[in-house]
Enquirer: 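Right, I'll just put the structure down here and ask away after.
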Amino acid sequence: MLISLFIYSSRLYENFMALNVSGVMLRARLSTRATMKIDVYIADQITTALKKAFDLETKVVIEKPRQETWGDFATTVALGLAKTLRTAPRKIAETIVEHLGDEKQLFAKVTIDGPGFINITVAQSWWQNTVKEIIDAGEGYGDDTWGKSHKINLEFVSANPTGPLNVVSARAAATGDVLVALLNKVGFAAEREYYINDAGRQIRLLGASVAARYMTLLGKNEDVPDDGYQGDYIIDLAQELKKEHGDKFANLQVAERQNVLATLALEKMMALHKKVLHDYRVDYQTWFRESTLRDKNAHFKIVEDLKAKDLTYEKDGALWFKSSEFGDAKDRVLVTKEGEPTYFMVDIAYHQDKFDRGFETLYDLWGPDHHGYIDRVSAALQAIGHEKEHFNVRIIQQVNMLRDGQLVKMSKRAGNIIEMNEVVQEVGIDAARFFFVMRKLDSPLDFDIDLAKKRSDENPVYYVQYAHARIVNVIQFAKEHGLELDLQADHSLLRADEEIALIRKLNEFPSVISTCARLMEVHHLPAYLMDVASAFHSFYHHNRVVTDDSELSKARMMLLEASRQVLINGLTILRISAPERM
RNA sequence: GCCCCUAUAGCUCAGUCGGAUAGAGCAGUGGUUUCCUAAACCAUGUGCCCCAGGUUCGAUUCCUGGUAGGGGCACCA
C-alpha cells in the first residue's frame, strides 16, 4: 500500500516536470535559487575583490573545505594566481580579503589558512533560513533549469527478446531510470527508450528453438539447433504455446512453423520483459521495434546516403562502410555476402530515427561486451552528419552476484542464468534498486544477495528508509501532543551542533543532484541519502523534538519536515519507497 | 597483439575542475535506552592511495611506461 501510494505520487511528479509550468514550481525554483546560489554570491564577491585589488578577472571556484571546522566554503584562487602575479599565495589571499565586500552581510568569518586558502564561514542565520526555504520548495527542492529543456533520449536495457532479463539488465534498468529522473530534475527533457530487436537472425533462432521444443512436447523429438537457445525457458515457452494453440502448428512446413512460433514467442517474451520492468518501477516512454525500421527500409536509406558520400565499398561480396575514416579501428560490414543487412546497419538507422524524432542528444547504456561497438556507431552517425558529442555511450560494468560469499555464475545461452526477476523477487524492489545504483558505473558491482535481504543495520537501504519512518513517527507523536508544523516558527533556535550539521547536509541536495546529472553518475545520490540519514539519526539521538519549550519544539518540527522532504525527494528519484512505519 | 574498465584501511567502496592532516560503511573493541522507533547513537585503531618516471608552487587526481585482475576484439547481436 505504501508502495502504490509512492508510485502514484512519483507519476504526478513526472507530469509536473514534463509540463514544466506551474505556479508552485516557479515559486520552488525561485526560493531554491535564493538558497543555493550562495556559492555564486561568494564567487561574485571574490571576483569583485580581485578586480579591485589586481584589476584582473579569473574563474573563481567555490568548494567545500575538507574539514568543517575550517569554514563553510573555500576558494583556492590565491594559490592559482601565485604564478601570474609572482607573489606568495598567502599575500594574495590577504589582499583579496582586504578588498572583500559582503553586501548581504552573510559572512560570519573569513580566514586565510594553509598555503593560501580563503575560508569563509557563513552566518548561522543564513543556514537557519534555509530550513524554511526547503519546506517551501517542497517536491521542487533540488530542481534546476540548467538543462534548458534540451531533449535527451536515454536508451537502456534493450535486451534481446530471446531470453529472460538478467542481472546486468537490472543494473542498467535502475541506472537508466534514475538518470532520466535526475536529468529531468535539472531541467532536461529526457525520455526512456527500449529498443526491441524483433527481426533478424536471433529471432529466427528463437523460432527454431521454440519449434524444436514444441515438436518434442508433441512426441516428435527434435533437437534444438546448436546455435539456438538451450535454456529451459524455451521449454516453458513451448509448453505455454502448446497449451494455448494445441498441436495446430505440427503440420506446417518447418520454416512456416518456425516463423509463426518465432512471432508468438517474441510477443510473449516482450510482454514478460515489460512486466518485469514495470514491476521494478521502470516505465518507458518508447518501446521501439527494429522491424518498423526494416518495414520502411530506413536502413537502406542510410546506405544510400553513405554511398552518395562515397563512404562505402564492396569487398569479398560484402558491402563495407569506411568507418575507419571516422575514428573506428577498422571498416565495418553493412551487408553480408549472403545479402543480409547487419545489425549494425539497422542500428545506424535506429539512431538516425531518434534524431528524426527530435532528440538533440542520445545516450545509450550498454553492457561491457559492447564497448568495441561504440566507435563504429559513432563513426556512422558522424558520417551522416551528426556531431560526435550528440551520441554518447556509457558502459555499465558487469554484475557479480554473491551468495554465501560465493560467486554465482551466469550464462545467458546455457540456461543457468541469473534472472533479473529472481533477484528482485528475492531481495525486494527497494533493496535491488538501491544496490544497483550504489556503485560507480565503471566499476563491476558485487551484489551481496544475503546483505540485500538483511533487515538490519548492515543494510544501507533500511538505514535510509528508517530515517524517514522515524521522522514520520516523531511528527505523528508531536501532533498527538498538540504540535503542528508552523512555518513562522523561530528557526534561529536551531543552533545545536547536530542541528546545524543536519541543515548543512540538507543544503547539499541541489548540488548533489546537479553533480549526478552533469557527470551522468547515479551513485552519489544513494551515498548522499545515507549521509542525510546519518545526520538525522545523530540529531534525533541528541535532541528531543517534543519538549516543554514549545518554541524550540516548533523550530525542530520544521527541521524534521525539511529532512523528510529531502529524503522523499531523493528516494523519489531513486524510485524507492519511503515507508512511514518500519 | 590491440581496445575498454578496475587497483585507496582487514572487507566493500567514496574521494567533484589538481590543493590543507586521504574519508565512509561493514567487521573488531568498549559504551549508551525510567526519554518522540536501539533497523539508532557515541567512542576507538588502521594506509607504499599497485609500481616507476613526467608536468606542476602542489599529484590519490593529469600525462607516459609498466604490473595485476576483469571484459572485449566476427561478413553475431
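Per chain, numbering begins at 1; letters A, B, ... match sequence-line order.
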Enquirer: Return the 5'-most residue of the pair Asp442(A), Ile62(A) with respect to RNA chain B, ranking by each residue's nearest nucleotide.
Expert: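 The answer here is Asp442(A).
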
Enquirer: Taking the C1' atom of each, how far is A14(B) from U61(B), in whole Å?
Expert: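 Approximately 14 Å lies between the C1' atom of A14(B) and that of U61(B).
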
Enquirer: Do Tyr350(A) and Phe288(A) have ring centres separated by under 6.0 Å?
Expert: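 Judged by ring-centre distance (under 6.0 Å), Tyr350(A) and Phe288(A) do meet the cut-off.
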
Enquirer: Between protein and nucleic acid, restricted to nucleotides 43-45 of chain B and to nitrogen or oxygen atoms under 3.5 Å apart, what atom pairs and distances do you find?
Expert:
none

Enquirer: Return whichever of Tyr462(A) or Leu441(A) has its heavy-atom-nearest nucleotide of RNA chain B closer to the 5' end.
Expert: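 Comparing both residues, the 5'-ward one is Leu441(A).
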
Enquirer: Would you indicate, yes or no, if C75(B) has its OP1 or OP2 atom less than 4.0 angstrom from a side-chain nitrogen or oxygen of Lys337(A)?
Expert: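 No, no such contact exists.
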
Enquirer: Please classify the nucleic acid contact of Lys83(A) as base, sugar-phosphate, or nothing, using heavy-atom distances under 4.0 Å.
Expert: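 Contact class for Lys83(A): sugar-phosphate only.
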
Enquirer: Would C26(B) be called syn or anti here, given the cut-off of 90° from 0?
Expert: anti

Enquirer: Grab the N/O contacts between the protein and nucleotides 25-32 of chain B below 3.5 Å, and write none if there aren't any.
Expert:
none

Enquirer: Rounded to whole angstrom, note down the P distance from G23(B) over to U44(B).
Expert: 14 Å

Enquirer: Go through the structure and list residues passing side-chain hydrogen bond (donor to acceptor under 3.5 Å, both in side chains) with Ser534(A), not counting sequence neighbours.
Expert: none

Enquirer: Between P on A77(B) and CG on Asp347(A), what's the gap in Å once rounded to a whole number?
Expert: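 The answer, rounded to whole Å, is 10 Å.
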
Enquirer: Under the rule for side-chain hydrogen bond (donor to acceptor under 3.5 Å, both in side chains), what residues qualify as partners of Asn119(A), not counting sequence neighbours?
Expert: Asp113(A)

Enquirer: Taking only residues at least two apart or on different chains, which pairs with a member in residues 77-96 of chain A satisfy side-chain hydrogen bond (donor to acceptor under 3.5 Å, both in side chains)?
Expert: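 side-chain hydrogen bond (donor to acceptor under 3.5 Å, both in side chains) check on residues 77-96 of chain A returns no pairs.
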
Enquirer: Are the side chain of Tyr540(A) and the backbone N or O of Val474(A) linked by a donor-acceptor pair below 3.5 Å?
Expert: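 No, Tyr540(A) side chain to Val474(A) backbone: no donor-acceptor pair under 3.5 Å.
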
Enquirer: At less than 4.0 Å, is any side-chain N or O atom of Tyr540(A) found next to OP1 or OP2 of A39(B)? Yes or no.
Expert: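 Checking A39(B) against Tyr540(A), no side-chain N or O comes under 4.0 Å of OP1 or OP2.
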
Enquirer: Within the 4.0 Å heavy-atom criterion, would you say Thr76(A) contacts the bases, only the backbone, or no part of the nucleic acid?
Expert: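 Base contact.
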
Enquirer: Should Arg518(A) be listed as having a side-chain N or O under 4.0 Å from OP1 or OP2 of C17(B)?
Expert: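 The answer is yes; a side-chain N or O of Arg518(A) sits under 4.0 Å from OP1 or OP2.
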
Enquirer: With a 4.0 Å cut-off on heavy atoms, is Ala467(A) in touch with a base, just the backbone sugar-phosphate, or nothing at all?
Expert: nothing

Enquirer: Using atom P of each nucleotide, how far apart are C3(B) and G47(B) to the nearest Å?
Expert: 37 Å

Enquirer: Between C75(B) and Lys330(A), is there an OP1 or OP2 to side-chain N/O distance shorter than 4.0 Å?
Expert: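 Answer is yes, contact under 4.0 Å.
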
Enquirer: Just checking Ala82(A): base, sugar-phosphate only, or nothing, at a heavy-atom cut-off of under 4.0 Å?
Expert: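 Result for Ala82(A) = nothing.
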
Enquirer: Take atom CH2 of Trp366(A) and atom P of C3(B), then tell me their distance rounded to the nearest Å.
Expert: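 The distance from CH2 of Trp366(A) to P of C3(B) comes to 20 Å, rounded to the nearest Å.
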
Enquirer: Could you list the residues that satisfy salt bridge (charged side-chain N to carboxylate O under 4.0 Å, His left out) with Arg394(A), not counting sequence neighbours?
Expert: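 For Arg394(A), the residues satisfying salt bridge (charged side-chain N to carboxylate O under 4.0 Å, His left out) (neighbours in sequence not counted) are Asp442(A).
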
Enquirer: Taking side-chain hydrogen bond (donor to acceptor under 3.5 Å, both in side chains) as the definition, give me every residue that meets it alongside Thr58(A), ordered by chain and number, with sequence neighbours left out.
Expert: none

Enquirer: Distances under 3.5 Å only, N/O to N/O: pair up the protein atoms with those of nucleotides 13-15 of chain B.
Expert:
residue: C13(B); atom: OP1; partner: Asp446(A); partner atom: OD2; Å: 3.4
residue: C13(B); atom: O2'; partner: Arg439(A); partner atom: NH1; Å: 3.2
residue: A14(B); atom: OP1; partner: Lys440(A); partner atom: N; Å: 3.3
residue: G15(B); atom: OP1; partner: His523(A); partner atom: NE2; Å: 3.1

Enquirer: Would you indicate what Asp316(A) reaches in the nucleic acid, counting non-hydrogen atoms under 4.0 angstrom: base, sugar-phosphate, or nothing?
Expert: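 Touches a base.
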
Enquirer: Under a 4.0 Å heavy-atom cut-off, which of residues 370-377 of chain A touch RNA chain B?
Expert: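 Within this stretch, His370(A), His371(A), Tyr373(A) sit under 4.0 Å of the strand.
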
Enquirer: Can you name the residues that form a ring pair (Phe, Tyr, Trp, His ring centres under 6.0 Å) with Phe73(A), not counting sequence neighbours?
Expert: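 Phe73(A) satisfies ring pair (Phe, Tyr, Trp, His ring centres under 6.0 Å) with no residue once adjacent residues are dropped.
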
Enquirer: Give Asp331(A) one of three labels, base, sugar-phosphate or nothing, depending on what nucleic acid heavy atoms sit under 4.0 Å from its own.
Expert: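 Nothing, no heavy atom under 4.0 Å.
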
Enquirer: Can you check the distance between A40(B) and A7(B), where both ends of the measurement are the C1' atom (answer in whole Å)?
Expert: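 Pairwise C1' distance, A40(B) against A7(B), rounds to 35 Å.
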
Enquirer: So does Thr342(A) get a side-chain nitrogen or oxygen closer than 4.0 Å to the phosphate oxygens (OP1/OP2) of A77(B)?
Expert: no

Enquirer: Whole angstrom is fine here: how far is it from CG in Leu334(A) over to P in A74(B)?
Expert: 17 Å

Enquirer: Answer with base, sugar-phosphate or nothing: what part of the nucleic acid does Gly80(A) contact at a heavy-atom distance below 4.0 Å?
Expert: base

Enquirer: Which dot-bracket notation, 5' to 3', represents the base pairing of RNA chain B when pairs are defined as Watson-Crick or G-U with both distances under 3.5 Å, crossing pairs as [ ], and inter-strand pairs as |?
Expert: (((((((..((((.....[...)))).(((((.......))))).....(((((..]....))))))))))))....

Enquirer: Kindly say whether Ile348(A) contributes a backbone atom to a donor-acceptor pair with the side chain of His299(A) at under 3.5 angstrom?
Expert: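 Such a contact is absent between His299(A) side chain and Ile348(A) backbone.
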
Enquirer: Contact class for Asp328(A) vs. all strands (heavy atom < 4.0 Å): base, sugar-phosphate, or nothing?
Expert: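 The residue Asp328(A) makes no contact with any strand.
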
Enquirer: Determine the Euclidean distance between corresponding C1' atoms of C42(B) and U33(B); express it in Å to zero decimal places.
Expert: 13 Å

Enquirer: I'd like to check the side-chain hydrogen bond (donor to acceptor under 3.5 Å, both in side chains) partners of Thr263(A); sequence neighbours left out, ordered by chain and number.
Expert: none

Enquirer: Contact class for Ala469(A) vs. all strands (heavy atom < 4.0 Å): base, sugar-phosphate, or nothing?
Expert: base

Enquirer: For the pair made of CZ in Phe539(A) and C1' in C42(B), what is the distance, rounded to whole Å?
Expert: 17 Å

Enquirer: Which part of the nucleic acid does Gln67(A) contact within heavy-atom distance under 4.0 Å: base, sugar-phosphate only, or nothing?
Expert: base

Enquirer: Exactly one of Val522(A), Leu529(A), Ile568(A), Ile513(A) should register a side chain to side chain contact (heavy atoms under 4.5 Å, CB included) with Ile573(A). Which one does?
Expert: Ile513(A)

Enquirer: Have a look at Pro89(A) and say if it touches a base, only the backbone sugar-phosphate, or nothing, with a 4.0 Å heavy-atom cut-off.
Expert: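 Touches nothing.
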
